[in-house]
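Written out below as structure tokens is the structure these notes cover.
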Amino acid sequence: HPVGLDLSMGMLARGRAAMERGGPQVPLIQAGAETLPFADESFDLACSAFGAIPFVADSAQVMREVARVLRPGGRWVFSVNHPMRWIFPDDPGPAGLTAAIPYFDRTPYVEVDSEGEPTYVEHHRTIGDRVREIVSAGLLVVDIVEPDWPEWLDREWGQWSPLRGEIFPGTAIFVTEKPA
């Protein structure tokens, strides 16, 4: 039985609107990933596609919470911007191919509004940081998938382009499992 979860009431409203247009109906719950409102060992699978993980300062707590709600043998799959992408400027052209920021600089990326209030915060972790968070939560790393740029995609997509995609991955997908 799938369940949708998001911190943002606005995103949940978009989910409800999409379900009103047809398709499966699933419960949508407003909550943060650091404190999941579910019983221990109540899910076989948890996933997050570019969701909470990079936007939570304590992503290790998210790993512990997901491990708590997974049944033994359950899987936790999540995707993030590939940690390597942090060293390059957000430019799909040649300027985006020059390493400019140290890989080990874990300073969050922050955008602010006209009053100086943060409106967007993304936290950088290395591949090693992610693996240690996963293992410390009692989960096993099954795979780390680094998708190739799709051959059919011949245009820019966000800060990504065939030029960048040919050289380094934009996405890292972590596949984990709770030991049985």
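Tested against Leu28 for a side chain to side chain contact (heavy atoms under 4.5 Å, CB included), the candidates Met9, Met19, Met11 yield a single pass: Met19. Of the candidates Glu122, His124, Gln159, Asn81 forms a side chain to side chain donor-acceptor pair (under 3.5 Å) with just one, namely Glu122. With Asp58 as reference, Arg64 is the one residue of Arg64, His123, Met63 to meet the side chain to side chain contact (heavy atoms under 4.5 Å, CB included) rule.
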Please tabulate, for side-chain N and O atoms in residues 135-149, each donor-acceptor pair with protein atoms closer than 3.5 Å (sequence neighbours left out).
from   : atom 1 : to     : atom 2 : distance (Å)
Ser136 : OG     : Arg132 : O      : 2.9
Glu146 : OE2    : His82  : NE2    : 2.6
Trp149 : NE1    : Leu153 : O      : 2.7

Pair up each side-chain donor or acceptor in residues 43-56 with any protein partner under 3.5 Å, not counting sequence neighbours, and list the distances.
from  : atom 1 : to    : atom 2 : distance (Å)
Asp44 : OD1    : Arg71 : NH1    : 3.2
Asp44 : OD2    : Arg71 : NH1    : 3.2
Ser48 : OG     : Gly51 : N      : 3.2

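The aromatic ring centres of Phe168 and Trp160 sit less than 6.0 Å apart.
Taking the six-membered ring for Trp and thresholds of 30 and 60 degrees, Tyr120 and Tyr109 have ring planes more than 60 degrees apart, a perpendicular arrangement.
Rounding to the nearest 0.5 Å places OG1 of Thr176 at 7.0 Å from CZ of Phe78. Distance check: Leu7 CG to Ile29 CD1 gives 13.5 Å after rounding to the nearest 0.5 Å.
A donor-acceptor pair is defined here as one N or O able to donate and one able to accept, closer than 3.5 Å; such a pair exists between the side chain of Lys178 and the backbone of Ala67. Judged by distance alone, the side chain of Glu65 and the main-chain N or O of Leu36 form a donor-acceptor pair under 3.5 Å. Checking side-chain atoms of Ser161 against main-chain N and O of Arg164 turns up a donor-acceptor pair under 3.5 Å.
In this structure, the side chains of Leu163 and Pro92 stay at 4.5 Å or more apart for every pair of heavy atoms. When side chains are defined from C-beta on, Leu5 counts as touching Pro37, because their heavy atoms get closer than 4.5 Å.
Annotation for Ile173 and Ser79: closest pair CG1-CB, 3.9 Å, computed over non-hydrogen atoms. Summarising the geometry of Pro2 relative to Pro27, their closest heavy-atom pair is O-CD, 3.4 Å, with the distance given to 0.1 Å. When every heavy atom of Pro162 is checked against every heavy atom of Asp154, the shortest pair comes out as CG-C, 3.8 Å.
Crowding of Glu111 atom CD: a count of heavy atoms from other residues, nucleotides or ligands under 6.0 Å exceeding 12. By the neighbour-count criterion of 12 heavy atoms within 6.0 Å, atom CD of Glu151 is sparsely surrounded, having that number or fewer from other residues, nucleotides or ligands. The local environment of CZ in Arg14 is sparse, with at most 12 non-hydrogen atoms from other residues, nucleotides or ligands closer than 6.0 Å.
Grouping the Ile, Leu, Val, Met, Phe, Trp and Tyr side chains by contacts below 4.5 angstrom, directly or via other members, places Val77 apart from Val26. In the hydrophobic clustering of ILVMFWY residues, with side-chain heavy atoms under 4.5 Å counting as a link, Val121 and Ile101 come out apart. Cluster annotation: Val131 and Val175 are assigned to distinct hydrophobic clusters (Ile/Leu/Val/Met/Phe/Trp/Tyr, side-chain heavy-atom contacts under 4.5 Å, transitive). One hydrophobic cluster, built from ILVMFWY side chains closer than 4.5 Å, holds both Val80 and Ile127. Tracing side-chain contacts under 4.5 Å through hydrophobic residues (I, L, V, M, F, W, Y), one never reaches Leu12 starting from Val3; they form parts of separate clusters.
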Subject >> CA sep, side-chain torsions, deciding dist, call: Leu70, Phe38, side-chain contact (heavy atoms from CB on, under 4.5 Å) >> reply: CA-CA 10 Å; Leu70 280 179; Phe38 306 113; over 6 Å; no
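For the 3.5 Å distance criterion, the side chains of Asp6 and Ser8 fail to qualify, holding no donor opposite an acceptor.
The salt bridge (charged side-chain N to carboxylate O under 4.0 Å, His left out) search around Glu133 returns Arg125, Arg130, not counting sequence neighbours.
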